[in-house]
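Structure first, commentary second.
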Amino acid sequence: VELTASLSNREVATWFGHLFRQTVSSALRISPARIHIVSIDGLVLMFEIRSGHSDEATPSEAAEDFARQISSESALAHSELAPFLALPRFAAKVPPQEFGSSV
């Protein structure tokens with residue numbers, strides 16, 4: 001997942017990791033313990049969804065649901081996590097400027 005700002009390993013291990021796991025697990029209707037943050041490298045957060053109870057989505061089903069939700073209007077798109085995700089629909093709409101114009 002691409003982020004809007006770099007986060008430290010400490011931030012990922014504490015408040016951001018908690019926010020990410022809680023928000024994503026709620027959106028996907030899976031246990032937060034299934035979401036494992038693998039690494040953070042600049043603006044890229046790598047995570048995996050592990051196997052869970054038989055009444056929850058499989059890892060591949062949950063990953064597909066996550067992909068669908070981040071590319072559409074969903075609860076995840078309007079969550080506390082949304083401002084941290086570098087997705088086109090979260091980018092500010094800035095009108096194009098003409099060449100040579102001063103700001």
Side-chain angles (χ1 to χ4, degrees):
V1 176
E2 199 167 341
L3 304 175
T4 56
S6 293
L7 297 171
S8 69
N9 287 328
R10 180 176 169 78
E11 289 170 314
V12 171
T14 57
W15 69 269
F16 182 80
H18 178 77
L19 174 66
F20 185 83
R21 281 187 293 280
Q22 293 301 317
T23 305
V24 172
S25 67
S26 177
L28 301 180
R29 296 173 305 283
I30 62 173
S31 167
R34 293 182 58 193
I35 299 171
H36 175 70
I37 297 174
V38 177
S39 66
I40 182 81
D41 184 13
L43 297 176
V44 178
L45 177 80
M46 299 293 295
F47 75 99
E48 64 184 12
I49 300 171
R50 296 179 172 167
S51 296
H53 296 286
S54 60
D55 61 339
E56 292 184 335
T58 65
S60 61
E61 290 168 340
E64 288 174 16
D65 191 16
F66 179 80
R68 181 188 56 77
Q69 288 200 38
I70 62 170
S71 63
S72 67
E73 288 298 316
S74 66
L76 190 58
H78 299 285
S79 69
E80 291 180 55
L81 184 62
F84 297 98
L85 303 176
L87 303 172
R89 70 187 186 308
F90 296 128
K93 302 279 189 234
V94 179
Q97 296 181 8
E98 293 181 29
F99 288 96
S101 66
S102 59
V103 179

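Within the structure, the salt bridge (charged side-chain N to carboxylate O under 4.0 Å, His left out) test picks out the following pairs touching residues 63-72 (sequence neighbours left out): Asp65-Arg68. For residues 49-58, every residue pair satisfying the side-chain hydrogen bond (donor to acceptor under 3.5 Å, both in side chains) rule, not counting sequence neighbours, is listed here: Arg34-Glu56, His36-Arg50, Glu48-Arg50, Thr58-Ser60, Thr58-Glu61. The salt bridge (charged side-chain N to carboxylate O under 4.0 Å, His left out) pairs that include a residue from residues 9-18 number zero, where partners must be two or more places apart or lie in different chains. Legend: salt bridge (charged side-chain N to carboxylate O under 4.0 Å, His left out) pairs involving residues 15-24, not counting sequence neighbours: none detected.
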task: Could you walk me through whether Glu2 and Leu85 pass side-chain contact (heavy atoms from CB on, under 4.5 Å), step by step?
output: CA-CA 6 Å; Glu2 199 167 341; Leu85 303 176; over 6 Å; no
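For Phe66, the ring-ring contact (aromatic ring centres under 6.0 Å, His included) test picks out Phe47, with sequence neighbours left out. For Ser25, the side-chain contact (heavy atoms from CB on, under 4.5 Å) partners two or more places apart in sequence, or in a different chain, are Ile30, Pro32, Ile35.
Both Leu3 and Trp15 are members of a single hydrophobic cluster when ILVMFWY side chains are connected at heavy-atom separations under 4.5 Å.
Side-chain atoms of Ser26 do not come within 3.5 Å of backbone N or O of Gln22 as any donor-acceptor pair. Gln69 contributes a side-chain N or O that, together with a main-chain N or O of Ala27, makes up a donor-acceptor pair within less than 3.5 Å.
Remark: Leu7 CG to Phe16 CZ distance equals 5.5 Å, nearest 0.5 Å. The line from CG of Asn9 to OG of Ser39 is 9.0 Å long, rounded to the nearest 0.5 Å. Here Ile40 contributes atom CD1 and Ser6 contributes atom OG; the two are 7.5 Å apart, rounded to the nearest 0.5 Å.
Looking only at side-chain heavy atoms (C-beta outward), Leu76 and Leu28 stay at 4.5 Å or farther from each other.
Annotation for His78 and Ser74: closest pair CD2-O, 3.1 Å, computed over non-hydrogen atoms.
Hydrophobic cluster of Met46: the remaining members, joined at side-chain heavy-atom separations below 4.5 Å, are Val38, Val44, listed by chain and number.
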